[in-house]
Participant: 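A single structure is presented below for examination.
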Amino acid sequence: MSAPKAVDTLRSGLPDRYLTPLDIAQLFDVPLETVYAWRKKRTGPPGFPVGRHIRYDPADVRAYVLDLKNADREAA
């Protein structure tokens, strides 16, 4: 049995683990390189380093999405 995809996990509630860059790429349906570009430009969801790895708090990712949605509504 394979592990659930990040998008399915996030839709059913916050996962009980930090997300990886690959999870973020799957969640937003973008290439992994895009996630790294967002990190470099500081335009995507906020991540934090754990040693040499980057992790994302699901609550921060959800807040990032809500901010994007609200900004889009205000612009309309």
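Small disclaimer: the values here were computed from a predicted structure and weren't measured.
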Participant: If you look only at distance, which donor and acceptor atoms sit under 3.5 Å apart when one is on a side chain in residues 30-47 and the other is two or more places apart or in another chain?
Facilitator:
{"from": "Arg39", "atom 1": "NH1", "to": "Gly47", "atom 2": "O", "distance (Å)": "3.1"}

Participant: What heavy-atom pair brings Tyr18 and Asp57 nearest, and what distance separates the two atoms?
Facilitator: CD2-CA, 3.7 Å
Participant: In Å and rounded to the nearest 0.5 Å, what is the CG to CG distance from Leu22 to Leu27?
Facilitator: 11.0 Å
Participant: Under the side chain to side chain donor-acceptor pair (under 3.5 Å) rule, collect the residues that match up with Asp29, sequence neighbours excluded.
Facilitator: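 With neighbours one apart ignored, the set is empty.
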Participant: Going by an N to O cut-off under 4.0 Å, is there a salt bridge joining Arg55 and Asp23?
Facilitator: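 Between Asp23 and Arg55 there is no salt bridge, as every charged N stays at least 4.0 Å from the carboxylate O atoms.
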Participant: Quick one: CZ on Phe48 to CD1 on Ile54, what's the gap to the nearest 0.5 Å?
Facilitator: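 Output value for this atom pair is 9.0 Å.
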Participant: Answer yes if Leu66 and Leu68 sit in the same cluster of Ile, Leu, Val, Met, Phe, Trp and Tyr residues linked by side chain heavy atoms under 4.5 Å apart, and no otherwise.
Facilitator: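 Unlinked, Leu66 and Leu68 end up in two clusters.
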Participant: Tell me which pairs pass ring-ring contact (aromatic ring centres under 6.0 Å, His included) where either residue lies in residues 52-71, with sequence neighbours left out.
Facilitator: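 Not a single pair qualifies under ring-ring contact (aromatic ring centres under 6.0 Å, His included).
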Participant: Working to the nearest 0.5 Å, report the span between CG of Asp60 and CG of Leu19.
Facilitator: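 Separation between the atoms: 10.0 Å.
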